[in-house]
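Note sheet for the following structure.
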Protein chains: 2
Amino acid sequence: MKDEKRRGRPRAFDAKAALGKARDVFWDRGFAAASLDNLSAATNLNRPSLYGAFGDKEDLYLDTLEGYRQDGMNTLAEALDPSLPLRDNIARVYAGALAIYLHGETAARGCLLIGTASAEAVQHERVREVLGRSLNDFDDKIEKRMRLGVERGELPESADPQMLARLASAVMHSLAVRARAGDSREVLEAIARSGVELICGSANNP
Amino acid sequence: MKDEKRRGRPRAFDAKAALGKARDVFWDRGFAAASLDNLSAATNLNRPSLYGAFGDKEDLYLDTLEGYRQDGMNTLAEALDPSLPLRDNIARVYAGALAIYLHGETAARGCLLIGTASAEAVQHERVREVLGRSLNDFDDKIEKRMRLGVERGELPESADPQMLARLASAVMHSLAVRARAGDSREVLEAIARSGVELICGSANNP
DNA sequence: AGAATTTAATGCGAAACGGTACAAATATGA
DNA sequence: TCATATTTGTACCGTTTCGCATTAAATTCT
């Protein structure tokens, strides 16, 4: 399915790699301020190739968002390894997030979705939809782990898994915003630690 | 000082009102996607007047951010009325935030700073500075209230006011993002309630 | 080998962009 | 009244923007 020979001239570039380069541009500049020239230069593709492969600028942006979302879900799934204690799981979620957020040439980039899609969300319904779905999916995955925590006795029966999950996400959202606002790694790690403590405060220590 | 007659033709518009209209445009579209035509139409000022009164587009944007920041600090100060219990204070902070966030023609606008300044923060150092300062000032004001809570015995001696404040802010950051992502008022209010419970969970009930 | 199909590269074009020159209008100061 | 100072409105400038038309190149099918 991957090697079925297509007719015509073959592509001279790796679409996935190009998407990664485009993602970096959007991540730094946001959607509106990223020009096709910027994207063309970063991907080493001239505009017609870009257009032919991904559609217009909004299509390309939505593609990068979707890829980012899926990468994030995978990272989250790894962090939530159910063979580890709940406390470690949430700590790993934040550590994984910070590893992504604290990366940038001029300044930390934070989260692509929260940092750039939020700006477009009011006017672009499709962007708003992706953003909303991403946040909800994240909440849901964490909620599942919380529910497991209640079953296992890591959390008290009285705990509300959905709300705990949403608050655990809230700390991550804040890390994303603060990273982009220039907060230091030390401060962000301290917030993450305190967040784990607050969210999992009622969790049993083995 | 306000009525000292200036020479030359007087202004035919209220600069403060114009700034408010411009703020709405930036709030909906973000900085980069807001054109001078948009701003000119919304304020009923032609571009030269706009330029003469506020400088270029970035200056105008920074002015609106600064005004928003100060309005927010005033709203926060009111919410944190020290004659009320800590729990009520934090609940009022979230209620005040939601009243601002859940307002928009097509979709909820969230927070001007978190929703639009974040996008520009990586590339525009001055925007990043305003954003960072705004978040920190907010944290500091809440931290003061937390400190008072410890003194008063509303919070246990073991409580860390700085970290509690940062986590209280984190819930608000999340409300800002989620509002812009399209979450319903009901969901946001539920998160706010759970946030109050978690943050102030150790607070005494009078 | 030649037709068919797909991609690559150059370059164009219409529209939108931010910003400003300039002259008319409206006030104050002398 | 007349010079001075500031704002207003029109019109414009040069640049950048996005998207595409067109032609050359590279591959497969017949």
Side-chain angles (χ1 to χ4, degrees), chain A residues 1-19 21-23 25-26 28-65 116 119-120 123-124 126-127, chain B residues 1-19 21-26 28-65 116-117 119-120 123-124 126-127:
Chain A
M1 194 168 198
K2 197 177 174 185
D3 262 30
E4 51 171 291
K5 302 264 181 182
R6 300 187 49 183
R7 301 181 58 166
R9 181 171 175 173
R11 281 200 177 140
F13 62 92
D14 175 13
K16 207 166 182 177
L19 215 55
K21 294 292 188 182
R23 183 172 67 178
V25 173
F26 285 129
D28 278 349
R29 310 175 94 99
F31 169 72
S35 71
L36 284 186
D37 278 344
N38 297 146
L39 295 162
S40 177
T43 56
N44 278 318
L45 296 182
N46 30 34
R47 281 196 294 284
S49 296
L50 216 53
Y51 198 82
F54 306 105
D56 68 10
K57 196 173 97 164
E58 182 169 335
D59 292 331
L60 174 57
Y61 180 60
L62 289 168
D63 270 9
T64 68
L65 289 186
T116 75
E120 312 297 328
Q123 299 265 321
H124 289 103
R126 296 170 67 193
V127 174
Chain B
M1 195 167 198
K2 196 176 171 186
D3 263 29
E4 51 172 291
K5 301 264 179 181
R6 301 186 48 185
R7 300 181 58 166
R9 180 171 176 174
R11 280 200 177 140
F13 63 92
D14 175 14
K16 207 164 181 177
L19 215 55
K21 294 291 188 184
R23 183 173 67 179
D24 286 339
V25 173
F26 285 129
D28 278 349
R29 312 176 92 97
F31 168 73
S35 72
L36 284 186
D37 278 343
N38 297 146
L39 295 162
S40 178
T43 57
N44 279 318
L45 297 184
N46 31 33
R47 282 197 292 284
S49 295
L50 217 52
Y51 199 84
F54 305 106
D56 67 11
K57 195 173 102 166
E58 182 169 335
D59 292 331
L60 174 57
Y61 181 59
L62 289 168
D63 270 8
T64 68
L65 288 186
T116 75
E120 312 297 329
Q123 299 265 321
H124 290 103
R126 296 171 67 194
V127 175

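Between atom CG of residue B:Asp59 and atom CG of residue B:Leu50 there is a gap of 11.0 Å, rounded to the nearest 0.5 Å. Rounded to the nearest 0.5 angstrom, B:Leu45 CG and B:Phe54 CZ are separated by 7.0 Å.
Just one of B:Asp24, B:Thr116, B:Asn38 meets the side chain to side chain donor-acceptor pair (under 3.5 Å) condition when paired with B:Arg29; it is B:Asn38.
B:Leu60 is listed as a side-chain neighbour of B:Leu19, based on a closest heavy-atom distance under 4.5 Å.
You can see that DNA chain D meets the heavy atoms of chain B within a 4.0 Å-exclusive cut from D:dT4 to D:dC12, reading 5' to 3'. Between chain A and DNA chain C, the heavy-atom contact criterion of under 4.0 Å yields a 5' to 3' nucleotide range of C:dA4 to C:dC12.
For the residue pair B:Asp37/B:Ser40, the side-chain donor-acceptor check at 3.5 Å is not satisfied.
The ring pair (Phe, Tyr, Trp, His ring centres under 6.0 Å) check on A:Phe31 picks up A:Tyr61, A:His124, with sequence neighbours excluded.
For the contact set between residues 40-54 of chain A and DNA chain D, defined by any heavy atom under 4.0 Å, the members are A:Arg47, A:Pro48, A:Tyr51. Taking every heavy atom of residues 7-19 of chain A and every atom of DNA chain D, pairs under 4.0 Å involve A:Arg7, A:Gly8, A:Arg9, A:Pro10, by number.
Residues B:Gln123 and A:Asp28 approach most closely at CG-O, 3.3 Å, considering heavy atoms. A:Ala42 and A:Val25 get closest at one heavy-atom pair: CB-CG2, 3.4 Å. Nearest heavy atoms, B:Thr43 versus B:Ala18: CG2-O, 3.3 Å.
The backbone N or O of A:Pro48 lies less than 3.5 Å from no partner atom in the side chain of A:Asn46, so there is not a single donor-acceptor pair. In terms of modelled atom types and a separation under 3.5 Å, the side chain of B:Lys21 and the main chain of B:Asn44 share no donor-acceptor contact.
A:Ala33 comes within contact range of no nucleotide atom at all, as no heavy-atom separation falls under 4.0 Å. Note on A:Ala32: nothing from the nucleic acid sits closer than 4.0 angstrom, heavy atoms only.
The C1' atoms of five pairs define one axis at each end of the helix from C:dA1-D:dT30 to C:dA30-D:dT1, and these two axes lie 0° apart (to 10°).
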